[in-house]
Each structure stands twice: as structure tokens, then as C-alpha cells.
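Working notes for the structure below.
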2 protein chains.
Amino acid sequence: MFQVDIRSRIPIYEQMYENIRRLILEGHIKEDEQLPSIRELASLLTVNPNTIQKAFKQLEQDGYIYALQGRGNFAKKLDVLYRNQEIEGVKKKLREIILEAKLLNVPIESLMDLLKDAYKRGESQ
Amino acid sequence: MFQVDIRSRIPIYEQMYENIRRLILEGHIKEDEQLPSIRELASLLTVNPNTIQKAFKQLEQDGYIYALQGRGNFAKKLDVLYRNQEIEGVKKKLREIILEAKLLNVPIESLMDLLKDAYKRGESQ
DNA sequence: TAACTGTATTATGTTATATAATACAGTTAA
DNA sequence: TTAACTGTATTATATAACATAATACAGTTA
């Protein structure tokens with residue numbers, strides 16, 4: 001499914017969060033599809049169940065999944081409104097990095113080329 | 001000069017590092033110009049001297065400043081070769097965020113517009 | 001010499017992260 | 001009904017990163 005790097009400075013639960021979030025956004029986990037159980041993931045990735053739980057809880061709070069007592073965790077339907085918040089966040093980050101690039105005197109043409117190129121190469125869907 | 005947010009999850013020494021790095025890259029601190037002393041900054045920002053020292057040490061290792069025993073810390077001349085490493089780092093981050101945007105189905109035209117806009121608005125120099 | 005600088009070390013405290021070990025409750029299939 | 005799954009919650013423990021505190025020493029400068 002995916003991997004976590006226990007030596008990374010990024011917390012495991014945050015890596016988990018990002019990975020699952022990505023799988024949902026990319027459509028690899030569809031609406032109402034069940035995720036692996038906490039214990040299953042824990043043993044699969046050799047990570048403590050509590051750590052998985054922390055990631056899942058965050059995913060639930062942020063609207064990516066929903067939990068059913070005794071049944072499991074499932075991918076939520078991503079509504080448009082919510083997705084817009086996501087998009088705004090990405091745009092903000094994008095602006096920051098563009099300023100950073102400008103600071104380093106990277107010409108705008110280079111950035112445009114990079115943008116086109118990266119967008120093309122991005123895995124579709 | 002700048003501020004640090006002690007409640008941020010970004011370590012103080014890292015905020016210091018970023019702030020000073022930025023001042024140098026933006027040309028607000030010029031080549032061979034002396035930086036405030038460690039103790040001075042420490043009392044100014046009410047941060048422990050050791051924390052400042054950690055930021056300065058990192059800045060020195062990364063080629064932004066040089067230290068003279070008993071004299072102080074000074075901004076280094078940024079050579080082209082080094083700047084290229086910086087640029088590569090920013091480009092990498094840029095690619096990642098563009099993929100993120102694509103994931104959220106932001107059309108490339110929006111990103112192009114955003115790019116032009118952000119680049120224009122960026123404080124010059 | 002006094003008052004600055006950088007540098008280094010040791011000790012202490014705090015917080016976030018992660019693990020371990022349980023326990024309890026809901027669901028499901030045999 | 002029971003066994004084996006699920007989620008949920010709690011308490012305890014360990015560790016590492018971060019930051020502070022308190023010194024000490026060495027080089028520079030007026």
C-alpha cells in the first residue's frame with residue numbers, strides 16, 4: 001500500500017496521514033471503500049496501533065474518512081466545498097515558493113517551463 | 001530585524017536560520033557586513049544564546065556567513081555555484097506542489113495565471 | 001584592562017512522538 | 001452464542017529534539 005520512514009523527521013502519523021489522504025484524492029481508495037484496519041496496518045508496517053489511530057483520527061477530523069464502531073474506517077465522499085479549501089492551501093504554498101524562486105533570480109520563463117513540464121509528467125487522475 | 005514565534009512547531013533556530021538567510025539573499029545584509037552578535041540577538045529576541053549559536057553555526061556550514069573569533073559573524077559572498085544548489089532545491093519543491101495541485105484538478109491555466117501574478121507582486125530585489 | 005566578540009560544555013526541563021499493555025464496546029460470521 | 005474481528009480509550013514508559021541556564025575560555029578592540 002505504502003511505506004513509512006521511521007528515520008524521517010516527519011512524524012510517522014503524519015506520513016500515514018499524507019499517504020492515505022493522497023490515495024483518497026487520487027481515487028485509489030474510492031468513496032465508502034473500507035481501509036485496512038488499524039491493527040492490520042500496524043502489523044503490516046510494524047508501527048504501533050496507537051500511531052495508526054492518531055493518523056486515522058486526524059483523517060476523520062479533516063473529513064477524509066469516517067469510522068464505524070466495530071466495522072472499520074471508510075473513505076468519505078469529498079465534497080466540492082472541502083476540496084476548495086485544499087486548493088486554496090496549495091495555492092498559498094505555491095505563491096510562497098514562487099517568491100522564493102524570484103528571490104533567487106530564477107526568471108519567470110524558467111518557472112513557466114517547469115510548470116508545464118511538471119504538470120505534464122504528473123501521473124494522470 | 002525580524003521576529004520568532006516560540007509557539008510555532010518550527011524550531012526557533014530554524015526560524016532564525018530562515019530569517020537571516022532571507023535577509024542575505026534579499027541583499028538586506030550585504031557581503032562582509034557584520035551581523036548582530038549572538039548575545040545581542042539573544043537579548044533582543046529573548047532567546048537563549050545557545051539557540052542563536054545553533055542557527056549561526058548552520059548558516060556558516062551552509063555558506064551564508066563566516067565567523068571570526070572575538071569579532072563577530074559576517075555575511076559571506078554568495079557564489080554562483082552555491083546559489084545553483086539553492087535554485088535546484090526550490091525547483092524540486094515547486095514540482096512537488098504542482099503535482100499536488102494537479103491532484104486536486106487545478107487546471108494548468110490557473111497555475112500559470114497564479115505564477116505570473118505571484119511573480120509580479122513579489123517585492124523586487 | 002574592561003568590555004566586547006565567538007566557542008564550548010554540562011546540566012536540566014519540556015514537549016512531541018512512539019511504543020507497550022490493557023481494557024471495553026460494537027460487528028460479524030460460524 | 002461464541003470467537004474473532006473491528007474501533008476506542010487509557011495509563012505508563014522511553015526517547016529524541018529543542019530550549020534554557022550557567023559557566024568557562026579564548027580572541028578582539030578601544
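Computed from a predicted model, the values in this text were never measured in an experiment. Proteins come first, then strands; the chains are lettered A, B, ... in the order of their sequence lines, and each starts at number 1. Heavy atoms only: backbone and side chains are in, while hydrogens, waters and symmetry mates are out.
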Point to revise | Phosphate OP1/OP2 of D/dA19: any B/Y13 side-chain N/O under 4.0 Å | key: no
Review point. In whole Å, what is the span from the CD atom of A/Q58 to the P atom of C/dA16?
Key: 14 Å
Exercise for review: Name the pairing partner of C/dA8, where a pair is Watson-Crick or G-U wobble with both distances under 3.5 Å, or state none.
Suggested key: D/dT23
Check your understanding: Is any side-chain N or O of A/R39 under 3.5 Å from a base N or O of D/dG7, one able to act as donor and the other as acceptor?
Key -> yes
Revision key, fill the gap. Regarding the side chain of A/A67, the nearest nucleotide among C/dT7, D/dG7, D/dC18 is D/dG7
Point to revise | Donor-acceptor contact present, side-chain B/Q34 to main-chain B/R71, <3.5 Å | key: yes
Check your understanding: A/I52 CD1 to D/dT8 C1': how many Å, rounded?
Key -> 15 Å
Review point. When the distance from OH of B/Y66 to P of C/dG6 is rounded to whole Å, what number comes out?
Key: 13 Å
Exercise for review: Could you tell me which nucleotide pairs with D/dT28 by Watson-Crick or G-U wobble geometry, both distances under 3.5 Å, or answer none if nothing does?
Suggested key: C/dA3
Study note, to complete from the structure: Whole-Å distance, B/R7 CZ to C/dA16 P, equals 13 Å
Review point. What's the CD1-P distance between A/I38 and C/dG26, to the nearest Å?
Key: 17 Å
Point to revise | Among C/dT19, D/dT29, D/dG7, the one nearest A/N50 by side-chain distance | key: C/dT19
Practice item. From the options B/K93, B/K92, B/R21, select the one residue that forms a salt bridge (Lys or Arg N to Asp or Glu O under 4.0 Å) with A/E100. Key: B/R21
Review point. Base, sugar-phosphate alone, or nothing: which one does A/E14 contact when heavy atoms must sit under 4.0 Å apart?
Key: nothing
Exercise for review: Would you kindly give the CD-to-C1' distance between A/Q53 and C/dA21, to the nearest whole Å?
Suggested key: 14 Å
**Study point:** Heavy atoms of other groups near B/I6 CD1, more than 12 under 6.0 Å
**Key:** no
Review point. 5'-most contact on DNA chain C: A/V47 or B/P36, nearest heavy atom basis?
Key: B/P36
Review point. Is the side chain of B/N48 donor-acceptor paired with the backbone N or O of B/N50 at a distance under 3.5 Å, no angle test?
Key: yes
Check your understanding: What do the steps show when you test A/Q15 against A/Q3 for side-chain contact (heavy atoms from CB on, under 4.5 Å), and what is the final call?
Key -> CA-CA 9 Å; A/Q15 294 180 51; A/Q3 286 196 333; over 6 Å; no
**Study point:** Non-hydrogen atoms of A/Y119 and B/P107 that approach each other most closely
**Key:** OH-CA, 3.7 Å
Practice item. Could you tell me whether the phosphate oxygens of C/dA18, OP1 or OP2, come under 4.0 Å of any side-chain nitrogen or oxygen in A/T51? Key: no
Review point. More 5' along DNA chain C: A/P11 or A/L68, using each one's nearest nucleotide?
Key: A/P11
Point to revise | Nearest-Å distance for atom pair CZ/P, residues B/F56 and C/dG6 | key: 7 Å
Review point. Within this structure, what is the CG-to-C1' distance between A/L59 and D/dG7, rounded to whole angstrom?
Key: 15 Å
Review point. At under 4.0 Å, does any side-chain N or O of B/N73 touch on OP1 or OP2 of C/dG6?
Key: yes
Review point. Choosing from D/dA19, C/dG6, D/dT6, which nucleotide comes nearest the side chain of B/I12?
Key: D/dA19
Review point. Between B/K54 and D/dC18, does any side-chain N or O lie under 4.0 Å from OP1 or OP2?
Key: yes
Practice item. Go through D/dA26, C/dA25, C/dT19 for me and flag the one nearest to the B/Q69 side chain. Key: D/dA26
Review point. Does A/R71 place a side-chain N or O at less than 4.0 Å from the phosphate oxygens OP1/OP2 of D/dG7?
Key: no
**Study point:** Any A/K57 side-chain nitrogen or oxygen under 4.0 Å from OP1 or OP2 of D/dA9
**Key:** yes
